[in-house]
Amino acid sequence: MKIVCMGGGPSGLYFGLLMKLQNPSNEVVVVERNRPYDTFGWGVVFSDATMENLRIADPVSAKTIGDAFNHWDDIEIHFKGRALRSGGHGFIGIGRKKLLNILQARCEEVGVELVFETQVTDDQDLARQYGADLVIACDGINSIVRKRYEQTFQPDIDQRNCRFVWLGTHKVFDAFNFIFVENEHGWFQAHAYRFEDGTSTFIVETPEETWQKAGIGEMSQEEGIAYCEKLFEPYLDGHGLISNATHLRGSAIWIRFPRVICRNWVQWTEPEPGRRVPVVLMGDAAHTAHFSIGSGTKLALEDAIDLAQRLRDKPLEAALQDYEALRGVEVLKIQNAARNSTEWFENVSRYAGLEPEQFAYSLLTRSQRLSHENLRLRDPAWLEGYEAWLATQAGSAPAADGKVPMPVFTPYRVRGVTLPNRMVFSPTLTYSCVNGEGMPNDFHLTHLGARALGGIGLVMTEMAAVTPDGRITPACPGLWSDEQAGAWKRITDFVHQHTGSRIGVQIGHAGRRGATQADPRQSDQPLAEGAWPLVSASALAYQPGRTQVPQALDRDGMKAVTAAFVAATQRAAQAGFDWLELQAGHGFLLSSFISPLTNQRDDEFGGALENRMRFPLEVVRAVRAAWPKDLPLSVRISATDWAEGGTTVDDAVAIARMLREAGVDVVDCSSGEVTPDQKPVYGRMFQTPFADRIRNEAGIAAIAVGNISELDQANGVIASGRADLCALSRPLLADPHWLLREAAQLGSKDAPWPAAYFWGQDWQERQGKRGAIAA
């Protein structure tokens, strides 16, 4: 095979090397615009896992790289005058120039032809010149090839919010350092690490707004570097900062990171009649990942390894199809983690109120790839110390043997109620009432009682309607009568008498989503008969042409609904509930006022967000006044509508602030279902970032919910301060003892097993130990 690589960066060199090793008869040419052994940049970072991939692919170059790298296990975080160090992370740093020189020498050794000082602008000319069967476009972040075939590659380029500059220093750091400094303009952070003897990379990063306020854009290159030297002077030990981009003028060395995603990576061309040649994106031309999560060089080298392996095992076209499809998925996983990391560094001010200990934990777990138990494997002493600190903050005393509880098993106090742990059974519709009377029955007793016996700290009922016409289906429960309150009292008594859990009720009004079928497989389908009239913020059907058009609620109707919420609140207190939640999400009545997609009123209850919140806040204030002062009040919201023109997470933060001022204690952070036209982006813990923003920007406690399926995940959410509580539904529907089982598998004895289940606890803990030994 004849192969030409456009660009002599890591991916082009490494791919050429691997293809020559794979088959010495392959003719491989790498064309590079720079001079031989002449490149720019400071250090690059790999993980130990990446180095292992290189050893498998080419042990010779891997050994040379290994001999040249600087290895460290520790991360040190400087924040608010404290330095916190965590170990076991396993990184290497090597100079970019050194790495490329090693790869260049190795390519020459095996017979790869290196062509320097040649600027290529036409891939098809290059293919003709060398008679290429395959062209690799590794021409960097500003790829000419990607732009030429834009319609095929369909790139999505997102310029991120921070400005950053790559600098160096002769201050030698013995760990990977994250240094955070605040001045009158805002927060700056440095990413600093040694990459060769006597020299460290020193990346300075700050949000665009802070960069503008500081006036760095108007400074010369020298003035900007001097500004950074003064800012980070306490950490440089008298050493200066150095730029190797002297060819650039003024503030041009400060750039914004472009996140690049391409839908497709392969373009078939016809440089000569009858001869088809694929042009394949690789490295930064195909994708980028923010430097805070790792190196673009790592991705580039792994691209080369992947494609070389596929070409070894399959014909060209099939190999390229697999490379594009499967490698694209792997890169997307890394880019998702990189997005989380990028957003964390763009919003340092969001976490500035955290104590240094929790700030450090939040930083370490920012990508959501490094879990709580991963940290335990890396540095058990550090994590145990952090868990002890967190438990102390929560008022939890160590056990008799000195052990401290995992984060989810620390107590949580709101007003006069203390939850024994941070896990919540999320309000979940069961459609289990009979005769259309909205009366909770033995099913609800067994269903909710089982989750309380399973040790969940707060068990929430499904939404109880405040009026008969506020039901979602005829099989939904209510709290519009004293008889219903009495039936609920039977359930709360059971939970209080037989478990240590607390129990809460969610009350709400279905609005335009009412009068639907009770079969969950027919969700949102209208009743064939027996439907009741619906109301909403505006006369807009949930499913136009299919579901009923509601009446727009007038002022008298609003007053009647508010009175119904107050009456249900009073019955909730009589029924013995410990916690009250208002349903103001998912397109139900209160939610319909909040979203601009469902509220198209032209009176004082429509228009701007403050007006759209007017009626929901009236209900909140009335409920808060009727609910006992020592009991908590939460509100569930849809933090985003997942639809164009709908509410956004920025709106959710503003909504949470209004709720806090109205007396709400906790915001339950869900999303969507406001419109059937939604386009949600699902994934692991996909709604946790909403809780994170609401808790740390709006200054109100938050419940995280949404695809949290492991106790390890919940521990990370609580420990990082992304939320105060974690709510689950599906895992607890499948297994009411999910919490007990998960705790045993992690070797924790913190879960509150009922005394009657002693032998089950013994068996489960032994099963957990066996699993740990097998692992």
Side-chain angles (χ1 to χ4, degrees), residues 412-420 424-427 433 437-441 444-445 447-449 451-452 456-468 470-471 476-510 559-584 588-590 616-636 659-660 662-668 700-701 703 725 727:
Y412 185 67
R413 184 174 179 82
V414 191
R415 294 188 183 249
V417 172
T418 298
L419 304 182
V424 179
F425 176 44
S426 195
C433 294
E437 296 176 355
M439 192 73 67
N441 53 44
H444 298 89
L445 172 65
H447 169 65
L448 296 169
R451 275 75 200 167
I456 296 299
L458 174 63
V459 175
M460 293 295 300
T461 74
E462 61 198 281
M463 187 182 89
V466 297
T467 61
R471 290 171 296 165
C476 289
L479 248 180
W480 65 77
S481 74
D482 292 341
E483 291 77 14
Q484 291 166 340
W488 285 119
K489 182 78 164 58
R490 177 169 171 253
I491 296 170
T492 63
D493 284 348
F494 176 88
V495 170
H496 292 146
Q497 291 168 16
H498 297 284
T499 80
S501 300
R502 302 292 180 266
I503 183 167
V505 60
Q506 184 188 80
I507 61 173
H509 189 297
K559 291 177 180 177
V561 167
T562 301
F565 269 95
V566 168
T569 297
Q570 292 166 339
R571 292 190 183 98
Q574 294 165 11
F577 285 106
D578 305 299
W579 187 292
L580 182 70
E581 179 166 286
L582 299 186
Q583 172 59 279
F588 298 122
L589 181 60
L590 298 184
L617 288 175
E618 280 188 9
V619 174
V620 167
R621 293 188 184 99
V623 165
R624 179 69 269 180
W627 184 237
K629 290 183 180 180
D630 63 336
L631 297 183
L633 173 65
S634 62
V635 175
R636 171 167 279 211
L659 293 174
R660 182 195 67 202
V664 172
D665 301 297
V666 183
V667 175
D668 189 352
I700 186 171
I703 302 174
L725 300 168

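This one's a predicted model, so the numbers in the text were calculated from it and none came from an experiment.
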* Partner set under side chain to side chain donor-acceptor pair (under 3.5 Å) for Gln583, not counting sequence neighbours -> Gln506
* **Validation row: Leu448, Phe425 side chains within 4.5 angstrom (heavy atoms)** => yes
* Asked: What pairs with Arg621 under side-chain contact (heavy atoms from CB on, under 4.5 Å), at least two apart in sequence or on another chain?
  -> Leu617, Ala662
* **Side-chain heavy atoms of Cys476 within contact of Met463, under 4.5 Å** => no
* Between Leu458 and Gly504, which heavy-atom pair has the shortest distance, and what is it? -> CD1-N, 3.8 Å
* Structure fact -> CZ (Arg451) and CD1 (Ile503) are apart, to the nearest 0.5 Å, by 12.0 Å
* To do: Kindly indicate whether the side chain of Trp579, heavy atoms from C-beta on, has any atom under 4.5 Å from the side chain of Arg502.
  => no
* State which residues pass side chain to side chain donor-acceptor pair (under 3.5 Å) with His496; sequence neighbours excluded, sorted by chain then number. => Asp578
* Structure fact -> Value for CD1 (Ile491) from CZ (Phe577), rounded to nearest 0.5 Å, stands at 7.0 Å
* Tell me, please, which residues at least two apart from Ala568 pass side-chain contact (heavy atoms from CB on, under 4.5 Å). => Val466, Leu479, Ile507
* **For Arg415, all residues meeting side chain to side chain donor-acceptor pair (under 3.5 Å), sequence neighbours excluded** => Asp665
* For Ser426, side chain to side chain donor-acceptor pair (under 3.5 Å) partners two or more places apart -> Arg636
* Could you tell me whether the side chain of Glu483 and the main chain of Met439 form a donor-acceptor pair under 3.5 Å? => no
* To do: Compare all side-chain heavy atoms of Val635 with those of Asp668 and state whether any distance is below 4.5 angstrom.
  => no
* Asked: Any side-chain heavy atom of Leu659 sitting closer than 4.5 Å to one from Val620?
  -> yes
* Asked: Which atoms form the tightest heavy-atom contact between Ala701 and Tyr412, and what is the distance?
  -> CB-OH, 3.1 Å
* Assess whether side-chain contact (heavy atoms from CB on, under 4.5 Å) is satisfied between Val495 and Val459, documenting all intermediate values. => CA-CA 9 Å; Val495 170; Val459 175; 5.7 Å; no
* Which pair of non-hydrogen atoms, one from Gly500 and one from Pro420, has the smallest distance, and what is that distance? -> O-CG, 3.4 Å
* Of all heavy-atom pairs between Val664 and Ile700, which one has the smallest distance, and what is that distance? -> O-CD1, 3.5 Å
* Quick one: salt bridge (charged side-chain N to carboxylate O under 4.0 Å, His left out) partners of Arg471, sequence neighbours excluded? -> none
* Compare every heavy atom of Leu419 with every heavy atom of Gly457, then report the nearest pair and how far apart it is. => O-CD2, 4.0 Å
* Asked: Pairs in or reaching into residues 560-576: which pass salt bridge (charged side-chain N to carboxylate O under 4.0 Å, His left out), with residues at least two apart or in two chains?
  -> Asp482-Arg571
* Asked: In chain order, what residues pass the side-chain contact (heavy atoms from CB on, under 4.5 Å) check against Ala563, with sequence neighbours excluded?
  -> none
* Asked: Can you list the residues that meet the ring-ring contact (aromatic ring centres under 6.0 Å, His included) rule with His444, with sequence neighbours excluded?
  -> none
* Close side-chain approach of Pro632 to Val666, heavy-atom, < 4.5 Å -> no
* Which atom pair, heavy atoms only, marks the closest approach of His509 to Phe565? -> N-CZ, 4.0 Å
* Could you tell me which residues satisfy side-chain contact (heavy atoms from CB on, under 4.5 Å) with Glu437, sequence neighbours excluded, listed by chain and number? => Asn435
* Any chance you could measure Thr569, atom OG1, to Leu633, atom CG, to the nearest 0.5 Å? => 8.0 Å
* Residue pairs, two or more places apart or on separate chains, that pass side chain to side chain donor-acceptor pair (under 3.5 Å) and touch residues 485-495 -> Asp442-Arg490, Lys489-Asp493
